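For reference, positions follow the sequence shown, starting with 1. Because the structure is predicted, anything quoted here is derived from the model rather than measured.
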Amino acid sequence: MRKIRLLKVGAALIAALFLLPPAMIVLSSFMSDGDLDKIYADGAAFCPIPREATLSGYWELLFASQAYLATFWNSLGIALCATALNAVVSLVAGYALAHARFPGRGCLRFFYGFAMLLPFQVTLLPQYLLVRALHLYNTWWALILPAAFAPMGAVLLSQFIREMPGAMLEAAYLDTSSQLRVLTRIVAPNVHAGILAAALLAFAESWNMVEQPLILLKDEWLQPLSLRLNALTSASARFAGAVLYMVPVVLLYFLFENELIEGVKHLKL
C-alpha cells in the first residue's frame, strides 16, 4: 500500500511538471508588456502571478488586428480538410491492410509502420519536389494532401479492424458482395473509436504544422496561425495567441478523451 501511494505521489509530481509550461503561458497571457519584459528580458525576480491582470493581449489579437482571426480560419480549414480526408483514406487503407488478400501485404504493412516512424525532415525534400511537380506549390493542397495520406491512421485502424470478430465479417460477405457496403455499414460503425482517435491525431498534426507551411507556402495570406504567432509584435499578444492556439486541441481532447486513449492502446507495430 505504501509503494502504491509513493507511485501515485511520483506520478502526480511528474504530471505537475508537464503542466507547468502551459500554466505559465496562461498566466503570462494576463500580464502587461512591461511585466513580461521585467520577468523574461531584464532578469528580474521571477513571479508567475500577474501583478496587474490585463486583457490587452487578447484585445490586440481579437479586435485590434484582423491578421490573427484570418490565419486562425486558415489553420482551421486546413486542419479540418486534412482530417476528413485522412479519416477516409485511413479507413480504406486500414481495411486493406487488415483483411485484403494480395501478394506483398506483409511488406506493405511493414513499410506503413516504417513510414510512420520516419521524421518529417527525411521526407521534406521529396514532398517539396512532388508538390512542385504537381503544381500545388503555394496552395493549401500542398499541406492538405500529404496530411491526408499520413500513415499513422491506417496503421491504427488496421489494428482495430483485425480485432473484429471474423464471424461478423463472414456474415456480412454472405449478405452482400459489395466491399464498399461492408466497409461503410459493418466495419466503420464497429471501429468508430479508432476512427475518432485517428481523426484527433490527424487534426493535432495538421493544426501544429510549422515546417510544411514555412516551406510550401509563399504568400502570407495563405499561412496558418502557427506561423503568424511568431510575427506578433507585443509579448502579451504572443502569450495570448499561444493560449488561444491551444484551445481547439485541448477542447477536442476533453471531448473525446476515452476514444483517444482507446486508440493509443491499439497502436502496435
Side-chain angles (χ1 to χ4, degrees), residues 14-30 55 57-58 60-62 67-91 116-117 119-121 140 142-157 160 192-217 222-232 236-267:
I14 294 174
L17 184 63
F18 277 98
L19 290 176
L20 182 60
M24 288 300 306
I25 293 175
V26 174
L27 291 174
S28 299
S29 67
F30 295 102
L55 297 175
Y58 293 96
E60 180 180 344
L61 282 178
L62 301 177
Y68 179 87
L69 290 179
T71 52
F72 176 87
W73 292 116
N74 287 350
S75 288
L76 189 62
I78 292 170
L80 289 178
C81 291
T83 301
L85 291 175
N86 182 264
V88 175
V89 172
S90 298
L91 180 62
M116 187 182 70
L117 298 176
F120 170 74
Q121 290 78 5
W140 285 335
L143 306 179
I144 294 173
L145 290 180
F149 290 92
M152 178 177 290
V155 175
L156 177 61
L157 286 176
F160 271 88
H192 67 279
I195 295 175
L196 283 175
L200 287 174
L201 294 173
F203 181 89
E205 185 69 22
S206 301
W207 182 261
N208 295 325
M209 284 192 296
V210 175
E211 297 92 343
Q212 297 94 321
L214 185 63
I215 295 173
L216 301 177
L217 295 180
L222 290 172
Q223 293 178 351
L225 183 58
S226 55
L227 295 185
R228 290 298 299 172
L229 286 178
N230 190 48
L232 296 174
S236 59
R238 290 184 179 181
F239 279 103
V243 172
L244 296 178
Y245 187 72
M246 292 188 292
V247 169
V249 176
V250 173
L251 183 61
L252 288 175
Y253 172 78
F254 282 112
L255 288 175
F256 303 103
E257 178 183 358
N258 295 330
E259 288 80 1
L260 182 59
I261 294 175
E262 185 67 21
V264 173
K265 288 181 180 177
H266 283 75
L267 191 55

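Of the inter-residue distances, the one linking L69 atom CG with L76 atom CG reads 12.0 Å to the nearest 0.5 angstrom. Once rounded to the nearest 0.5 Å, the distance linking CD of Q223 with CG of L214 reads 7.5 Å. We find the CG-CG distance between N74 and L225 to be 9.0 Å, quoted to the nearest 0.5 Å. The structure places CG of L27 at 6.5 Å from CE of M24, a figure rounded to the nearest 0.5 Å. A distance of 5.5 Å separates CZ in F203 from CG in L80, rounded to the nearest 0.5 Å. Between the CG atom of L117 and the CE atom of M152 there is a distance of 8.0 Å, given to the nearest 0.5 Å.
No side-chain heavy atom of S90 sits under 4.5 Å from any side-chain heavy atom of L156. Inter-residue side-chain proximity for M209 and I78 is flagged as met; some heavy-atom pair is nearer than 4.5 Å. Contact annotation: the side chain of T71 never approaches that of L227 to less than 4.5 Å [non-hydrogen atoms, C-beta and beyond]. The shortest distance between side-chain heavy atoms of P224 and L217 falls below 4.5 Å.
Taking every heavy atom of both residues into account, I195 and L157 meet most closely at N-CD2, 3.5 Å. Listed here is the closest heavy atom pair of S226 and Y245: CB-OH, 3.4 Å.
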Residues Y253, V249; criterion side-chain contact (heavy atoms from CB on, under 4.5 Å); working and verdict: CA-CA 6 Å; Y253 172 78; V249 176; 5.6 Å; no
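A tilted orientation is assigned to the rings of Y58 and F30, their planes being inclined by 30° to 60°.
Residues W207 and F72 place their aromatic rings such that the two centres sit under 6.0 Å apart.
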